[in-house]
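This is a predicted model, so every value here is computed, not measured.
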There are 2 protein chains.
Amino acid sequence: MADMAKQLAGIPLFSGLLQAQYEALSRISLKRSFLKGERIFSEGDEGTGFYVVAGGRVKIFKVSMEGKEQILHLCRPGETFGEVSVFTGQGFPADAVAALPTTVLFFPRAAFISLIRQDPALALNMMAQLSKRLREFAGLIEDLSLKEVPGRLAKYLLYLGGLDRNDAVALDVSKGQLAALLGTIPETLSRILTKLNHQGLIRSQGAQIMILDRRGLEEIAQEGKRLP
Amino acid sequence: MADMAKQLAGIPLFSGLLQAQYEALSRISLKRSFLKGERIFSEGDEGTGFYVVAGGRVKIFKVSMEGKEQILHLCRPGETFGEVSVFTGQGFPADAVAALPTTVLFFPRAAFISLIRQDPALALNMMAQLSKRLREFAGLIEDLSLKEVPGRLAKYLLYLGGLDRNDAVALDVSKGQLAALLGTIPETLSRILTKLNHQGLIRSQGAQIMILDRRGLEEIAQEGKRLP
DNA sequence: ACATCCCGTTGACGGATGTCAAAGTCCTTT
DNA sequence: AAAGGACTTTGACATCCGTCAACGGGATGT
């Protein structure tokens, strides 16, 4: 139980809480594991609580009638998902599937809310979490509506390359999933990658991509410059 | 001061609080008014607090390099905006402009946070507010990515018509703004409205629109049926 | 080693939508 | 009433992107 508390302390949502809170949290939480591809919940399911990713990765997404999917978020360890329905009382707004072998902690709604009532720090953390997600979504909406696919891809590559100021980046998702993340389809993504290669902006080989011209990518990502 | 408290009680964010909280809220809030078209804040501005619409309407939006705008949300009386930067501590994630002559209440960040620490009900309300917005954004992302413009328009018309089960709806925004809300441009919106008229699904005349074929609109909105 | 399958790539094609230009309409102002 | 301006509509056009189809390659399992 003590190491459980230590594990919880490393999660942003639970940072800076009192010791008693960690014990309470570990008491109410349930550990669940999923195989890669296994569904965690579906859109519309009743939300009886929310989740924190302990290990693996969880894909939150919407699916169209024709089967095309738009990824809303890829949750990595320490991130939460399913919180929305805890506070609105409605069903989950999207689907959740394990994108890798995944372990999550589940926090039942009622018990968690009563903890929030007791500890304002937990409430503030949760609000920060929701706000961060809201900001991300606003960015995604902006990208989908105001940028073309090359712009979104360039932005993503720069994001990957900006993490460690490294020009050699490795895609951490399959290209099909990257397409769904960028709001397009694998064919289009493949064509644009080819163009970027041809233009000398990147050199890509499988999931390994070298950023050759940062400035060029920035022009595409920010100013919407066209690819010849 | 007493009527101020009464006014606050009508706002979802502040529902169900203790009397003392209403007094505290009115003490820390600032009333501000804006002319139609006046800017309330810009993306990136430091967020020193958040707002509640008292009267009028506030447009929250993103603008592309080329000047196209995507409306994220039209805030009506009782709704909040600018909360995200209160909890993330970063700048505002979008622009805010008064879409009508507008009055807002401004709540400075530090004072509001200290109120949250004192009243879990306020915290829970705020989380519900954030969650509701998150759900909306998820829907907008889904629409932008997975639906075509006719689908988004049909959904919007059905939304307007569904409020009072009335088949005679009146657009409450200009067509240019509606286009920005749907993630398109006025020309495209105009063409699609013409098509819907021609198809006998609606009969539109200026801002007045008669829904003639609900089922037909639903097919377009949900199943992505094409317009001939 | 071979077959199979999944993923990614490439090509041909069409449709939806943004761009540019111009005309038309409505409302406000003078 | 006339004039001006903003909003809306319509047309011609370009292009991005999704669809369909076929191919290639690497991984897995028999």
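- The side chain of B/Glu187 approaches C/dA21 more closely than any other nucleotide in the set C/dT17, C/dA21, D/dC17.
- With distances taken from any side-chain atom of A/Pro186 to the nucleotides C/dG18, C/dT9, C/dT10, the minimum falls on C/dT9.
- Listed nucleotides C/dT17, D/dG18, C/dT10 differ in distance to A/Ser190; the shortest reach to its side chain belongs to C/dT10.
- The distance between atom CZ of B/Arg226 and atom C1' of D/dG18, rounded to the nearest whole Å, is 9 Å.
- A salt bridge links A/Asp172 with A/Arg76: the closest approach of a Lys/Arg side-chain nitrogen to an acidic carboxylate oxygen falls below 4.0 angstrom.
- Between the side chain of A/Ser85 and the main chain of A/Gly89, no donor-acceptor pair closer than 3.5 Å is present.
- Side-chain atoms of A/Ser131 come within 3.5 Å of backbone N or O of A/Met127 as a donor-acceptor pair.
- Salt bridge status for A/Glu83 with B/Arg135: absent, with no side-chain N to carboxylate O gap under 4.0 Å.
- Ring geometry for B/Tyr51 versus B/Phe41: interplanar angle of 30 to 60°, hence tilted.
- In this structure, the side chains of A/Lys175 and A/Leu193 come closer than 4.5 Å at one or more pairs of heavy atoms.
- Looking at heavy-atom distances under 4.0 Å, A/Gly183 makes contact with sugar-phosphate atoms alone, never a base.
- We find that CG of A/Leu144 is positioned 14 Å from C1' of D/dC17, with the value rounded to whole Å.
- An OP1 or OP2 oxygen of C/dT9 is reached within less than 4.0 angstrom by a side-chain nitrogen or oxygen of A/Lys175.
- For the OP1/OP2 pair of C/dA16 and a distance below 4.0 Å, the side-chain nitrogens and oxygens of B/Thr188 include no atom meeting the criterion.
- For A/Glu148, counting side-chain heavy atoms from C-beta on, the closest listed nucleotide (C/dG8, C/dG18, D/dC16) is D/dC16.
- Using a cut-off of 4.0 Å between Lys/Arg side-chain N and Asp/Glu carboxylate O, B/Lys62 and B/Glu43 are scored as salt-bridged.
- Rounded to an integer number of Å, the gap from CD of A/Gln208 to P of C/dG8 is 14 Å.
- Rounded to whole Å, atom P of D/dT8 lies 20 Å from atom NZ of B/Lys195.
- Between the NZ atom of A/Lys147 and the P atom of C/dT17 there is a distance of 21 Å, rounded to whole Å.
- When the nucleotides C/dT9, D/dT8, D/dC17 are ranked by their closest atom to the side chain of A/Pro150, D/dC17 comes out on top.
- Ion pairing of B/Glu218 with B/Lys155 is absent here, as no side-chain N (NZ or NE/NH1/NH2) approaches a carboxylate O to less than 4.0 Å.
- If you measure from atom CG of B/Leu146 to atom P of D/dC17, you get 16 Å, rounded to the nearest angstrom.
- Separating the CG atom of B/Leu178 from the C1' atom of D/dC7 is a distance of 14 Å, rounded to the nearest angstrom.
- Checking C/dG18, D/dG18, C/dG15 against the side-chain heavy atoms of B/Thr184 singles out C/dG18 as nearest.
- Scanning atom types as modelled, no donor and acceptor separated by under 3.5 angstrom connect the side chain of A/Arg191 and the base of D/dG18.
- Fit an axis to the five pairs at each end of the helix from C/dA1-D/dT30 to C/dT30-D/dA1 and the two axes sit 40° apart, to the nearest 10 degrees.
- Distance CG (A/Leu171) to P (C/dT9): 10 Å, rounded to an integer number of Å.
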